[in-house]
Amino acid sequence: MIDISKIYSILLSEVKREAPFTPKLGIVLGSGLGDFAKSLQIIKTIDTEKLSDYPKSTVEGHSGKIHFAKYSDLPILLFQGRVHFYEGYKIEECLLPIEIVKSLNCKYLLLTNAAGGINPFFSPGDLMLNKSFNSIFIKKEITKVIGAASSTTKENFKKFPSEELNQIIKKSALEEKVDLKEGTYFFTSGPSYETPSEIKMISKVGGDAVGMSTVHEAIYAAYRGINVSAISCITNLAAGISDTKLSHEEVTQTAEKVKNKFERLIKRIIATIEY
Ligand code: HPA
């Protein structure tokens with residue numbers, strides 16, 4: 001079993017030393033959603049390039065900044081971008097932000113991502129609450145970190161994904177009149193988009209949206225006892241569902257169009273969480 005907190009003890013103490021407060025909510029901003037940071041009151045920013053051994057994202061739009069911010073008085077920790085397994089990073093590097101959230105005693109974690117829509121009722125621009133996750137293509141890596149289930153892990157997983165946070169998200173969507181879809185997020189390893197045949201298979205086993213992140217982060221967060229939920233921005237129809245060729249530009253363009261809706265929802269979620 002890999003103990004991430006031991007590997008990164010120096011880096012974690014660097015972050016703790018820099019932290020101006022104990023955040024209540026951590027947010028990981030996915031592809032095209034990084035701009036959200038600008039709409040909050042930033043108290044302090046850590047440039048991860050200055051932290052020992054922090055993995056650097058190679059994907060456009062993932063700036064690798066960690067912000068301590070406030071909105072509606074709630075102290076928040078924001079990760080502007082993430083690293084992916086397909087970038088060649090080890091699982092413990094991909095999970096480092098989650099370990100930072102844990103080391104700062106953050107109670108809630110909201111993961112966001114860009115995803116391809118598979119469910120025929122989804123359109124680009126929709127937001128989907130991740131009601132369930134399929135980790136089958138990354139399970140082996142997750143097991144390396146979590147190991148055999150102990151009684152604590154079993155207890156933590158009963159609360160996965162966080163029903164408490166999901167309820168807050170759904171209530172916030174209703175109040176903001178955001179049509180929030182629900183479904184299963186299916187992990188694929190990338191780096192290239194899926195083939196139409198792969199999407200057909202994923203559809204048959206119940207995947208509503210597909211993406212290359214989040215699942216291992218969510219499972220690891222639950223294992224560490226954090227209340228975790230995730231929201232996908234459906235940026236495109238998955239391969240083979242529409243005739244257009246998928247591209248990272250389409251992903252970022254749709255995310256840009258959804259920005260206002262996404263910001264309203266996240267701000268309402270923040271305002272609903274009790275400090
Ligand atoms: N597949 C995988 N990851 C993605 C997609 C997709 O269609 N869209 C955005 N991220």
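Order of listing sets the numbers, starting from 1, for every ligand and every atom in it.
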Salt bridge flag under 4.0 Å for residues Glu93 and Lys90:
no
Are any of the side-chain nitrogens in Glu99 or Lys102 under 4.0 Å away from the carboxylate oxygens of its partner?
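A salt bridge is absent here (no side-chain N lies under 4.0 Å from a carboxylate O).
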Identify the heavy atoms of Met128 and Tyr185 that sit nearest to each other, and give their distance.
CE-N, 4.0 Å
With sequence neighbours excluded, tell me which residues meet side chain to side chain donor-acceptor pair (under 3.5 Å) with Lys70.
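For Lys70 there are no side chain to side chain donor-acceptor pair (under 3.5 Å) partners, ignoring immediate neighbours.
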For ligand 1, give me the residues whose heavy-atom distance to it is below 4.0 Å, by chain and number please.
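These residues qualify: Ala114, Ala115, Gly116, Tyr193, Glu194, Val210, Gly211, Met212, Thr235, Asn236, Leu246, Val251.
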When the aromatic ring centroids of Phe160 and Phe133 are compared, is their separation below 6.0 Å?
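Judged by ring-centre distance (under 6.0 Å), Phe160 and Phe133 do meet the cut-off.
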Among side-chain atoms of Asn130 and Ser232, is any donor-acceptor pair under 3.5 angstrom?
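Indeed, the side chains of Asn130 and Ser232 share at least one donor-acceptor pair under 3.5 Å.
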